[in-house]
Amino acid sequence: MSAGEAAAGPGDAVPSLVKDAAQDAYTPSARRLERERFKRARARRATAIAAGSTLVTGAVLFLAVVNSPGWARTRETFLSGHYAREALPKVLEGLWLNLRLLVVCGAAVLVLGLLIAVARTLRGPVFFPLRALATAYTDFFRGLPLVICLLMVVFGVPALRLQGVTTDPVLLGGTALVLTYSAYVAEVFRAGIESVHPSQRAAARSLGLTGRQTLRFVILPQAVRRVVPPLLNDLVSLQKDTGLVSIAGAVDAVYAAQILSSKSFNYTPYVVAGLIFVALTIPMTRFTDWVTARTDRRRAQGGIV
């Protein structure tokens with residue numbers, strides 16, 4: 001080793017490493033740069049075409065509506081600014097009931113639906129009566145229209161005159177919602193449980209876990225993760241259907257709009273209530289789409305068993 005090499009210290013190696021790294025830095029080829037420019041140009045072109053076609057379609061629909069013979073009367077009856085400002089506070093006050101029903105009924109639906117799904121997937125002949133009852137429950141309430149279920153619960157239960165049973169229309173309407181939606185959610189959970197490969201159960205039992213432990217720590221966590229998107233869709237539907245408790249006489253957003261419309265014979269309050277429900281539903285729908293896409297990406301990458 002020469003004297004110059006011996007005099008060089010470890011600090012002298014750092015500039016050389018940086019120089020080598022700079023020399024080894026990746027430089028895209030001209031063909032790749034051209035391909036990326038082409039992709040960006042095509043994306044801009046597709047965006048411009050989509051925006052233009054949307055504007056043209058919207059303009060055609062707008063002109064078709066405003067030039068219709070009954071547009072003036074329709075605008076006055078359904079789109080009155082005066083009645084909209086008058087209805088908004090009352091509708092928002094009634095919406096608070098819908099939100100409370102969504103939270104309480106949603107939690108009850110998830111718990112009851114999971115219990116029913118577990119009951120339907122129990123193994124062994126001793127659990128046959130429980131499986132039969134769970135199957136009959138889901139078949140009955142999935143086939144029964146929600147409106148009929150509401151009418152039967154809201155008006156049928158008070159007619160029995162049972163001691164200690166409430167006659168509050170809000171509680172009875174919420175009970176009807178829970179009965180109906182828990183049947184749908186139970187089928188979603190059951191599909192998730194049955195989608196878990198049998199090898200997962202066999203591996204858990206081979207490690208010494210009991211049947212209950214296998215269900216709790218192995219099967220259910222995987223099943224719940226797989227069915228999150230359809231569960232969110234059911235909650236979106238539940239959010240809309242909370243407005244049906246107005247059938248029982250509960251003053252929610254829909255019934256508040258009905259009261260105002262019956263006074264003025266103007267249907268703008270219904271439009272206001274509908275737009276508020278849409279405004280609440282869209283964020284939940286977009287969140288559901290995001291969760292679905294995220295789940296699909298993780299499953300494609302092997303992140304979900």
A.B. asks: Under the ring pair (Phe, Tyr, Trp, His ring centres under 6.0 Å) rule, what pairs show up with a residue in residues 49-82, not counting sequence neighbours?
C.D. replies: F78-Y267

A.B. asks: Would you give the length of the straight line joining atom CG of L162 to atom OG1 of T167, rounded to the nearest 0.5 angstrom?
C.D. replies: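 Interatomic distance, L162 CG to T167 OG1, rounded to 0.5 Å: 11.5 Å.
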
A.B. asks: Taking only residues at least two apart or on different chains, which pairs with a member in residues 48-57 satisfy side chain to side chain donor-acceptor pair (under 3.5 Å)?
C.D. replies: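 Non-adjacent pairs meeting side chain to side chain donor-acceptor pair (under 3.5 Å): zero.
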
A.B. asks: Linking I/L/V/M/F/W/Y whenever any side-chain heavy atoms sit under 4.5 Å apart, do V103 and L101 land together?
C.D. replies: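 No: no chain of side-chain contacts under 4.5 Å links V103 to L101.
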
A.B. asks: Does any pair with a residue in residues 42-60 pass salt bridge (charged side-chain N to carboxylate O under 4.0 Å, His left out), and if so which ones, sequence neighbours excluded?
C.D. replies: none

A.B. asks: Using a 3.5 Å distance criterion without hydrogens, assess whether the side chain of S68 forms a donor-acceptor pair with backbone atoms of V65.
C.D. replies: yes

A.B. asks: Run the side chain to side chain donor-acceptor pair (under 3.5 Å) test against D289 and tell me which residues pass, sequence neighbours left out.
C.D. replies: R286

A.B. asks: Can you name the residues that form a side chain to side chain donor-acceptor pair (under 3.5 Å) with E93, not counting sequence neighbours?
C.D. replies: none

A.B. asks: Using a 3.5 Å cut-off and no angle test, enumerate the donor-acceptor pairs between side-chain atoms of residues 116-127 and protein atoms at least two apart in sequence or in another chain.
C.D. replies:
{"residue": "R120", "atom": "NE", "partner": "T135", "partner atom": "OG1", "Å": "3.3"}
{"residue": "R120", "atom": "NH1", "partner": "T138", "partner atom": "OG1", "Å": "3.4"}
{"residue": "R120", "atom": "NH1", "partner": "E187", "partner atom": "OE2", "Å": "2.6"}
{"residue": "T121", "atom": "OG1", "partner": "A117", "partner atom": "O", "Å": "3.2"}
{"residue": "T121", "atom": "OG1", "partner": "V118", "partner atom": "O", "Å": "3.0"}

A.B. asks: Mark yes or no for whether Q222, through its side chain, and I219, through its backbone, hold a donor-acceptor pair below 3.5 Å.
C.D. replies: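 Between the backbone of I219 and the side chain of Q222 there is no qualifying donor-acceptor contact (under 3.5 Å).
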
A.B. asks: How long is the straight-line distance from CD1 of I276 back to CG of L88, given to the nearest 0.5 Å?
C.D. replies: 5.5 Å

A.B. asks: State plainly whether one hydrophobic cluster holds both L150 and V157, where clusters connect Ile, Leu, Val, Met, Phe, Trp and Tyr through side-chain heavy atoms under 4.5 angstrom apart.
C.D. replies: yes

A.B. asks: Can you name the side chain to side chain donor-acceptor pair (under 3.5 Å) partners of S264, sequence neighbours left out?
C.D. replies: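 Here no residue qualifies.
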
A.B. asks: Strictly by ring pair (Phe, Tyr, Trp, His ring centres under 6.0 Å), give each pair with a member in residues 131-178 just once, sequence neighbours left out.
C.D. replies: Y137-F141

A.B. asks: Can you tell me how far apart CG (L95) and OG1 (T242) are? Round to the nearest 0.5 Å.
C.D. replies: 8.0 Å

A.B. asks: What pairs meet the ring pair (Phe, Tyr, Trp, His ring centres under 6.0 Å) rule with one or both residues in residues 175-224, with sequence neighbours excluded?
C.D. replies: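 Qualifying pairs, neighbours excluded: none.
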
A.B. asks: Side-chain contact test, heavy atoms from C-beta onward, threshold under 4.5 Å: evaluate it for T210 versus Q213 and give yes or no.
C.D. replies: yes

A.B. asks: Quiz question: by atom type and distance under 3.5 Å, do the side chains of S195 and R226 form a donor-acceptor pair?
C.D. replies: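 Checked: S195/R226 side chains pair up, N/O donor to acceptor below 3.5 Å.
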
A.B. asks: Between the main-chain N or O of L209 and the side-chain N or O of R205, is there a donor-acceptor pair closer than 3.5 Å?
C.D. replies: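 Yes; judged by distance alone, with no hydrogens or angles, the pair exists.
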
A.B. asks: How about L172 and P158: do any of their side-chain heavy atoms sit closer than 4.5 Å?
C.D. replies: yes

A.B. asks: Among residues at least two apart in sequence or on other chains, which ones pass side-chain contact (heavy atoms from CB on, under 4.5 Å) with L232?
C.D. replies: V228, L235, F287, T288, V291

A.B. asks: May I have all residue pairs that pass salt bridge (charged side-chain N to carboxylate O under 4.0 Å, His left out) and include part of residues 99-119, sequence neighbours excluded?
C.D. replies: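 Sorted result for residues 99-119: empty, none.
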
A.B. asks: What distance do L146 atom CG and L177 atom CG have between them, rounded to the nearest 0.5 Å?
C.D. replies: 5.5 Å

A.B. asks: Under 3.5 Å, side chain of S261 to main-chain N/O of Q258, donor-acceptor pair present?
C.D. replies: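 Side chain of S261 to backbone of Q258, a donor-acceptor pair under 3.5 Å: no, none is there.
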
A.B. asks: Counting N and O atoms only, with roles assigned by atom type, does the side chain of S80 sit under 3.5 Å from a partner on the main chain of T77, one being a donor and the other an acceptor?
C.D. replies: no

A.B. asks: Supply the atom-to-atom distance T281 OG1 to Q239 CD, rounded to the nearest 0.5 angstrom.
C.D. replies: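 Those atoms lie 4.0 Å apart.
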
A.B. asks: Give me the one residue out of L220, V109, V188 that meets side-chain contact (heavy atoms from CB on, under 4.5 Å) with L114.
C.D. replies: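 Only one option passes, and that is L220.
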
A.B. asks: Residues in side chain to side chain donor-acceptor pair (under 3.5 Å) with E76, at least two apart?
C.D. replies: none

A.B. asks: Nearest 0.5 angstrom please: Y270 OH to Y83 OH, how far?
C.D. replies: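 The distance works out to 14.5 Å.
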
A.B. asks: By the definition side-chain contact (heavy atoms from CB on, under 4.5 Å), identify the one residue from D234, L112, V111 that meets it with V185.
C.D. replies: D234

A.B. asks: Taking V272 as the starting point, is it possible to reach L79 by hopping between hydrophobic residues whose side chains are less than 4.5 Å apart?
C.D. replies: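 L79 does not cluster with V272.
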
A.B. asks: Side chains of N266 and T268: do they bring a donor and an acceptor to under 3.5 Å?
C.D. replies: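 Judged by distance alone, the side chains do pair up.
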
